[in-house]
*Asks:* 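Dropping a structure here in structure tokens format, bear with me for questions.
Values below: all heavy atoms of this structure, side chains included; hydrogens, waters and symmetry mates excluded. Because the structure is a prediction, the values reported are computed rather than measured. Letters A, B, ... mirror the listed sequences (proteins, then strands); counts begin at 1.
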Amino acid sequence: MSPRRFKPDRDVTEWTGPVARYDLAKEVTISFVVVLLLVIAFAAIFSSPDDHPVTLKSWATAMPVDFVQTAVTELDGTSPTATYGPPYNETPGAGQKIGPVSLARLAGVHIPINTTEDFVIKPLLTLPNAPALDSQVSRYESAGVAQRTSWDAAYEKAIAAASFPGYLKVPSGRYGPVGVMMTNLLAMARSGALDGALLSSPQLYGTDYTKPLLFIADGSYMSDLAANLHLQGDQWGMMNETGNFPGQAWLWLYTMWYQVPPFNTSSSGDALVWAVMMLLTLVLILVPFIPGLRSIPRWVRIYRLIWRRHYRSVTTEAT
Amino acid sequence: MTTTLPAPAPRDDGPAARPGVTKGIRPTWTGRLRVRAVKALPPDKLLPDTQPAYVASWIYVFGALTLAAFAVVVLSGAVIALKGPAWWHVSSIGLFFNSMHLWSTELFFFFMVVHLWGKFFMAAWRGRRRATWVTGVLAFAASIATAFTGYLSQQNFDSEWISTQAKDGINATGAGAFWNVLNFGQMLMWHIVLLPAVVGLFIGVHVLLVRRRGVVPPFADDRAGGPAAAAASVAGPGVGQGAPAAGLFEEHTPSSRETAQ
């Protein structure tokens, strides 16, 4: 069998030339000490960021009207979470696509969330000794869809002109039990009780913050804070973090796609960015197998700089 | 108390007893594993005290620096784990170790990316070293996921903002149905158990492959005046540097065992 043809981007002539003294253990030890000292210096000088998280309590305290405006969209099922689609709920047409395929829809609903029930009604029913509220919630739940829609619309219109001079002041309207429900939900949020009520675990120890985080993300309070901190998606936010810290600089390529069309204009921008990044990652893994791509190092000749002593010595020997 | 067992009775396994297998003992899985391991990585390859003379550049240091930074990342993370994920928010010592965790991660990625680019420009996959490249890139990708889950586990504004933003990307791939970035408990477990194990595994295999295959030799560059140069010049116009005629290179052609991967 004849030997395979030598390809310089795949094969090598293994080294049979001179060797030099090398102390692997010493190199690793010195590297560790140097890195440890560098890390200690950076940690001592720059520390690390730790901004307080937004809670439903802090949001409802800082922007009560915004909280209620968001809460009513959770109640009437028009909030971003309510209309998200998989994996949270079934919403016709929702779910980003790559071409004709929606991977989110294929995966299905695995974290079911009904914002009306989960974000508003169930938390309100946890409030103790509130028979008046309970009767209003029952009234809302037993009403027909058209009646509920009418109440929700009336309240949404009224809350747009609301203010908070120490209490929630909403113009009067024909919004039935919704006013009482929202006032109680706001009070619940401002007391901190809603944060606990939305934890997804029935156990004492809860670690799943899906519901409170989705509720908070539906409002504009956290988003406004993030914009001030230059963390929005169009501000290279995915790779930034609060304060003057490097953040996840290694996500620069992933974040870059969100700044350019069609990714920043498409309704399936996230799916497209991920598709591109998965493809590029696969290409990076397979560089040694891809003709042309694996020849780039030989063409650009940066290796001449890396092995300059070797080439100098070989040239000297040749002359 | 130490019990001394009598030496096993010598058994005649004949002259064909395999090297490395204890004479007189029927071959065991352990013995066979040892034979294979020592054959693949003899001690002088695993812990060398010499390197080819061409290994003379600062770029080679970045591999060891990456390993060192990884060690500091793991150690600082282990200290935080001793007191739990909320400790660093309420303790100045905890904050310091969290800062060490952050900055060692930053350095880890910096060193790793320089190492990766260096290896790219050396075409370090040549000569049966493709698996070394592949495991290195996989370690890089797994490291990104590990760092990402670390950001999600901080329990502060950064983690809640990043998780609520990142959910859309993860959900768009369908993975969000199973890998919920808003679930702190799930992300913390991935960050401190599963993903570090994956990164450690890839790094371990990568390092063993580096030790087994050695450091990739330089290109046989025509301008160096070596044999390749002579070959290229004999081949005449049209045969560029680094791409000599096949026949002229037969004496350098690696054996099928060397090239097959």
Side-chain angles (χ1 to χ4, degrees), chain A residues 3-6 8-13 15 17-20 22 24 27-28 31-32 35-36 39 42-43 47-48 50-51 53 87 96 103-104 106-107 110-111 207-210 213 217 226 231 241-242 246 250 270-271 274 281 284-285 288 297-298 302-303 306-307 309-311 314-315 318, chain B residues 47-54 56-57 59 64-65 68-69 71-72 96 98-100 102-104 106 109 121-123 125-127 130 133-134 137 141 144 156-158 160-161 164 168-169 171-174 176-177 180 182-185 217-219 224-226 242 246 249 252-254 259:
Chain A
R4 274 201 316 188
R5 185 180 174 214
F6 184 93
D9 304 317
R10 184 192 65 192
D11 306 318
V12 292
T13 305
W15 182 254
V19 294
Y22 172 66
L24 177 63
E27 181 181 308
V28 170
S31 296
F32 179 76
V35 171
L36 184 63
V39 167
F42 277 122
S47 190
S48 52
D50 191 21
D51 284 22
Q96 298 191 23
L103 295 173
L106 285 177
H110 284 256
I111 309 166
T207 58
D208 184 357
Y209 290 82
T210 303
L213 283 173
L231 297 177
E241 60 183 324
T242 52
W250 44 90
D270 294 297
W274 269 85
T281 303
L284 185 62
I285 291 170
R298 187 163 48 84
I302 288 178
Y303 67 84
I306 295 169
W307 287 312
R309 288 187 199 172
H310 163 74
Y311 289 120
V314 172
T315 306
Chain B
L47 295 169
D49 52 10
T50 62
Q51 283 278 45
Y54 58 81
S57 167
I59 197 73
L65 287 172
V72 179
F96 181 75
N98 181 72
S99 303
M100 284 185 66
L102 168 72
W103 286 106
S104 54
E106 298 286 351
F109 274 98
F121 286 119
M122 287 187 249
W125 50 78
R126 292 173 294 133
R130 288 181 290 200
W133 171 271
V134 169
V137 176
I144 290 175
N156 58 16
F157 185 82
D158 278 313
E160 69 177 355
W161 175 250
T164 52
D168 298 329
N171 289 342
T173 66
N180 181 7
L182 304 176
N183 185 334
F184 165 73
F219 283 101
F249 235 87
H252 298 294
T253 303
T259 52

*Asks:* Is it the side chain or the backbone of Thr164(B) that comes within 4.5 Å of chain A heavy atoms, both, or neither?
*Replies:*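 For Thr164(B), the side chain is the part near chain A, not the backbone.
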
*Asks:* Pick one of side chain, backbone, both or neither for Leu213(A), based on which atoms fall under 4.5 Å of a heavy atom in chain B.
*Replies:*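 For Leu213(A), backbone and side chain are both near chain B.
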
*Asks:* Looking at Pro18(A), Ala43(A), Gly17(A), which one has more heavy-atom pairs under 4.5 Å with chain B than the rest?
*Replies:*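 Looking at each of Pro18(A), Ala43(A), Gly17(A) in turn, Ala43(A) comes out on top.
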
*Asks:* I'd like to know which of Ala64(B), Ala141(B), Gly169(B) tops the heavy-atom pair count under 4.5 Å against chain A.
*Replies:* Gly169(B)

*Asks:* Please check this pair: side chain of Trp103(B) against backbone of Ser47(A), looking for a donor-acceptor N/O pair closer than 3.5 Å.
*Replies:*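 Yes; judged by distance alone, with no hydrogens or angles, the pair exists.
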
*Asks:* Heavy-atom cut-off 4.5 Å, strictly under: side chain, backbone, both or neither for Leu47(B) against chain A?
*Replies:*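 Interface part for Leu47(B): both.
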
*Asks:* Taking side chain as C-beta onward, heavy atoms only, is Leu36(A) less than 4.5 Å from Met100(B)?
*Replies:*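 The answer is yes, as the side chains (C-beta and beyond) meet within the 4.5 Å cut-off.
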
*Asks:* When rounded to the nearest 0.5 angstrom, what is the spacing between OG in Ser57(B) and CH2 in Trp307(A)?
*Replies:* 9.5 Å

*Asks:* Quick one: of Phe96(B), Phe184(B), Tyr54(B), who has the most non-hydrogen atom pairs under 4.5 Å with chain A?
*Replies:*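 Among the listed options, the one with the most contacts to chain A is Tyr54(B).
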
*Asks:* Ser99(B), Gly185(B), Ala172(B), Ala68(B): which one forms the most heavy-atom pairs within less than 4.5 Å of chain A?
*Replies:*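 So the answer, after comparing Ser99(B), Gly185(B), Ala172(B), Ala68(B), is Ser99(B).
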
*Asks:* Heavy-atom distances under 4.5 Å only: say whether Trp15(A) touches chain B with side chain, backbone, both or neither.
*Replies:*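 Its backbone and side chain both get close to chain B.
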
*Asks:* So Asn171(B) and Pro87(A), do their side chains get closer than 4.5 Å, heavy atoms only?
*Replies:*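 Of all side-chain heavy-atom pairs linking Asn171(B) with Pro87(A), at least one is under 4.5 Å.
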
*Asks:* Check the pair Leu103(A), Trp274(A) against side chain to side chain contact (heavy atoms under 4.5 Å, CB included), reporting the backbone distance first and the verdict last.
*Replies:* CA-CA 11 Å; Leu103(A) 295 173; Trp274(A) 269 85; over 6 Å; no

*Asks:* With chain A, which of Ile59(B), Ile144(B), Thr173(B), Asn98(B) has the greatest number of heavy-atom pairs at distances under 4.5 Å?
*Replies:*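 Among Ile59(B), Ile144(B), Thr173(B), Asn98(B), the one with the most close pairs to chain A is Thr173(B).
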
*Asks:* Answer whether the closest heavy-atom distance between the side chains of Asp208(A) and Asn180(B) falls below 4.5 Å.
*Replies:*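 Yes, at least one pair of side-chain atoms sits under 4.5 Å.
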
*Asks:* What pair of heavy atoms forms the shortest contact from Leu284(A) to Trp133(B), and how long is it?
*Replies:*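 So the minimum-distance heavy-atom pair works out to O-NE1, 2.8 Å.
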
*Asks:* Tell me, for Leu65(B) versus chain A, whether the close heavy atoms (under 4.5 Å) come from the side chain, the backbone, both or neither.
*Replies:* both

